[in-house]
Amino acid sequence: MDARAVTDVASLARNWWVFLLRGMVAILFGVLTALMPAITLVLLVLLFGAYALVEGGFNVITAFRRRRGERLWWLLLLEGLVSIAAGVVAFILPGLTALMLVLVIGAWAIITGVLLRKLIRGEWWLALSGVLSLIFGALVLVWPGAGALALVLWIAAYSIAFGVLLVAFAFRLRSVRERLPGGMPHAAPGRA
């Protein structure tokens, strides 16, 4: 592993809990979505908007923590800004049609997937999250007229799977933290 890759992993390992929180938020969003299949389109838009804003906020915070000397911190910042923009659009235009919502979510998932796959090499949990986002986004864009119930269930399944992968990645980061050169002290949330 080269020095730059060790620095990337060390930075991620210090902030493992951010990935854990992101994963937990994604799982919660997916479960709530699955439990309420008769949800109205407006509520779905608002739930998606809230999720995208929270997820984007975590990404922006993590990116700014990684910006000093990190080569790819801007990818995480870009992903965060895209997520925040998707959330803002969802709140400003809650009357979006089902087709527009599908296109926004599909495009968001593809962009997230591309950026996640490039964030760090050699970490298959994060790469798998990116691949899952790409597949989900492509399916949503190919079959946009699948219906509101199918959309709700697709979003629920995607969010839960994505969240589980992020939680697994967080625990993987936590477990490798002490094996990095020089060791890593246990960092509490908010301290890095």
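Note that the structure is predicted; figures quoted are calculated from it, not measured.
In this structure, Phe48 CZ and Phe29 CZ are separated by 7.5 Å, a value rounded to the nearest 0.5 Å. Atom CZ of Arg66 is separated from atom CG of Leu12 by 4.5 Å, given to the nearest 0.5 angstrom. Put simply, CD1 on Ile27 and CG on Leu32 are 12.0 Å apart, with the number rounded to the nearest 0.5 Å.
Glu79 is not listed as a side-chain neighbour of Leu75, based on a closest heavy-atom distance of 4.5 Å or more.
Ile84 is linked by a side chain to side chain contact (heavy atoms under 4.5 Å, CB included) to Leu53, Val60, Val88, counting only residues two or more places apart in sequence or in another chain. Partners of Val54 by side chain to side chain contact (heavy atoms under 4.5 Å, CB included), not counting sequence neighbours, listed by chain and number: Val25, Phe58. Annotation: side chain to side chain contact (heavy atoms under 4.5 Å, CB included) contacts of Ile135 (sequence neighbours excluded): Val131, Leu139. For Tyr51, there are no side chain to side chain donor-acceptor pair (under 3.5 Å) partners two or more places apart in sequence or in a different chain. Considering only residues two or more places apart in sequence or on other chains, Ser83 meets the side chain to side chain donor-acceptor pair (under 3.5 Å) condition with Glu55, Trp108.
Of all heavy-atom pairs between Met24 and Val167, the closest is N-CG2, 4.0 Å. In plain terms, the two heavy atoms of Trp17 and Arg65 that are nearest each other are CZ2-NH1, 3.7 Å.
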Item to check | Residue pair Leu20, Phe169: steps toward the side chain to side chain contact (heavy atoms under 4.5 Å, CB included) verdict | outcome: CA-CA 8 Å; Leu20 179 66; Phe169 179 64; over 6 Å; no
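A donor-acceptor contact under 3.5 angstrom links the side chains of Asn59 and Arg22, judged on distance only.
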Using residues 157-164 as the side-chain source, report each donor-acceptor pair under 3.5 Å to any protein atom, sequence neighbours left out, with the distance given to one decimal.
unit_1, atom_1, unit_2, atom_2, d
Tyr158, OH, Ser133, OG, 3.0
Ser159, OG, Ile155, O, 3.0

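Within the structure, salt bridge (charged side-chain N to carboxylate O under 4.0 Å, His left out) contacts touching residues 127-138 (residues at least two apart or in different chains) do not occur.
Arg174 forms a cation-pi arrangement with Trp16, by the criterion of a distance under 6.0 Å to the ring centre and an angle within 45° of the ring axis.
With hydrophobic clusters built from ILVMFWY side chains whose heavy atoms lie under 4.5 angstrom apart, Leu166 does not share a cluster with Ile61.
Of the possible polar contacts, one joining the Arg67 side chain to the Phe64 backbone as a donor-acceptor pair under 3.5 Å is found.
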